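Read through the structure below, which is laid out as structure tokens, and then see the notes.
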There are 2 protein chains.
Amino acid sequence: MLLSQRADYAVRAMVYIAIQEKGKRVQIREAADKQEAPEPFLAKIVQALAVAGLVDTQRGAGGGIALARPAQDITLLQIVEAAEGPIALTRCTYEPGRCPRMERCAVHPVWERVQRVLETHLAAIRLSELAESQRKLTMAA
Amino acid sequence: MLLSQRADYAVRAMVYIAIQEKGKRVQIREAADKQEAPEPFLAKIVQALAVAGLVDTQRGAGGGIALARPAQDITLLQIVEAAEGPIALTRCTYEPGRCPRMERCAVHPVWERVQRVLETHLAAIRLSELAESQRKLTMAA
DNA sequence: TATAAACAGGACTAATAAGGTCGTCATACT
DNA sequence: AGTATGACGACCTTATTAGTCCTGTTTATA
């Protein structure tokens, strides 16, 4: 698999948070149940999302998780990178300038191009769109 | 990293084989030296390429590896899949119908779409193009 | 102010995959 | 026959992934 479970859980959890009524906080337990994710594992992922500034967490009774900004300002790429760390197609493209063959290898620029395509596509998808189609799906059922 | 070292070694080795004069076979040892890949590891990868029908191997003195068909009939996607197995973005898209949430999850179709984009881009790149630009690079140096 | 509800954070573990090695056998040219 | 070469399979080591668990700390509210 190209993306890990972390990324998948993270995205689904974000969608779940996004479809709540405004102002309502979600508990990790609840999100884990609904998304069929192991609770302690999801808790860790949520921490990473919080560090990345995508969600705002609040402790204590009545606490929970909420989006840190409007859903249309959050992209799929941001969620994936928050959960997984920066994405790199191969070791060559992990850090710019890290690959010793860069100057003499015809494959290098191709990996870079493909990676850019992937990032662009992920960045074009907004959490608000995902939330919208999730709402429709849920209503239909 | 989204793709493993196997894929990277495989692609570079294929380019190296493709830039040889017609009819000349490459020894694994030689390819490993040139591509800075561990020889026994590359040998395994070459086996996978042979099973996938991308290269033709010949044992014995004067043996070695050659392309099994013209370089313009081999795509980057074929090489990557031969080296890594079928690519799947997430566990959801690993096998069609394998994901239990498919019907009620708004994220699922997005993963499928992104995966298709990736596959399409990889399939659009031909080994012959890579070989051509590698030849130019080598001549320039 | 006690208490229960919630996340924070670190240490730990199990399973899997990646990356790599080695030895032996089969094959083909000379 | 001898030697060069890949095929094949067993094995090993390390890193990553996917989790678990325990002990906090914060916060609302009864």
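Heavy atoms only: backbone and side chains are in, while hydrogens, waters and symmetry mates are out. No experiment lies behind these values; they were computed from the predicted model shown.
The pair B:Arg12-B:Asp8 meets the salt-bridge criterion, with a side-chain N (NZ, NE, NH1 or NH2) lying under 4.0 Å from an Asp/Glu carboxylate O. Ionic pairing of B:Arg116 and B:Glu119 is not present here: no N-O contact between side-chain nitrogen and carboxylate oxygen is shorter than 4.0 angstrom.
Reading DNA chain D from its 5' end, the first and the last nucleotide to sit under 4.0 Å from a heavy atom of chain A are D:dA18 to D:dA28.
Within the nucleic acid shown, B:Ile65 has no heavy atom closer than 4.0 Å to any nucleic acid atom.
A heavy-atom distance below 4.5 Å is not found between the side chains of B:Leu67 and B:Gln20. Put simply, the side chain of A:Asp56 reaches to within 4.5 Å of the side chain of A:Arg25, judged on heavy atoms. For the pair B:Leu2 and B:Ile87, the minimum side-chain heavy-atom distance is 4.5 Å or more.
OP1 or OP2 of C:dG9 lies within a sub-4.0 Å distance of a side-chain N or O belonging to A:Gln47.
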Could you please spell out the steps behind the side-chain contact (heavy atoms from CB on, under 4.5 Å) verdict for B:Glu30 and B:Tyr16?
CA-CA 10 Å; B:Glu30 179 192 346; B:Tyr16 184 72; 2.6 Å; yes

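Annotation for A:Arg101: atom CZ counts as buried by contact number, over 12 foreign heavy atoms lying within 6.0 Å.
Residues satisfying the salt bridge (Lys or Arg N to Asp or Glu O under 4.0 Å) test with B:Arg104, not counting sequence neighbours, are A:Glu36.
Both B:Gly64 and A:Gly62 lie close to DNA chain D; mapped to their nearest nucleotides by heavy-atom distance, the more 5′-ward contact belongs to B:Gly64.
Within a heavy-atom distance below 4.0 Å of DNA chain C, the residues of residues 49-60 of chain A found are A:Thr57, A:Gln58, A:Arg59, A:Gly60.
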Using a cut-off of 4.0 Å between protein heavy atoms and nucleotide atoms, how would you tag nucleotides 15-24 of chain C 5' to 3' with B, S and -?
----SBB---

Side-chain donor-acceptor contacts of residues 46-54 of chain B below 3.5 Å, not counting sequence neighbours, with atom names and distances?
none

Distance-only donor-acceptor pairs under 3.5 Å for side chains of residues 70-77 of chain B, two or more places apart:
residue: B:Thr75; atom: OG1; partner: B:Leu77; partner atom: N; Å: 3.4
residue: B:Thr75; atom: OG1; partner: B:Gln78; partner atom: N; Å: 3.1

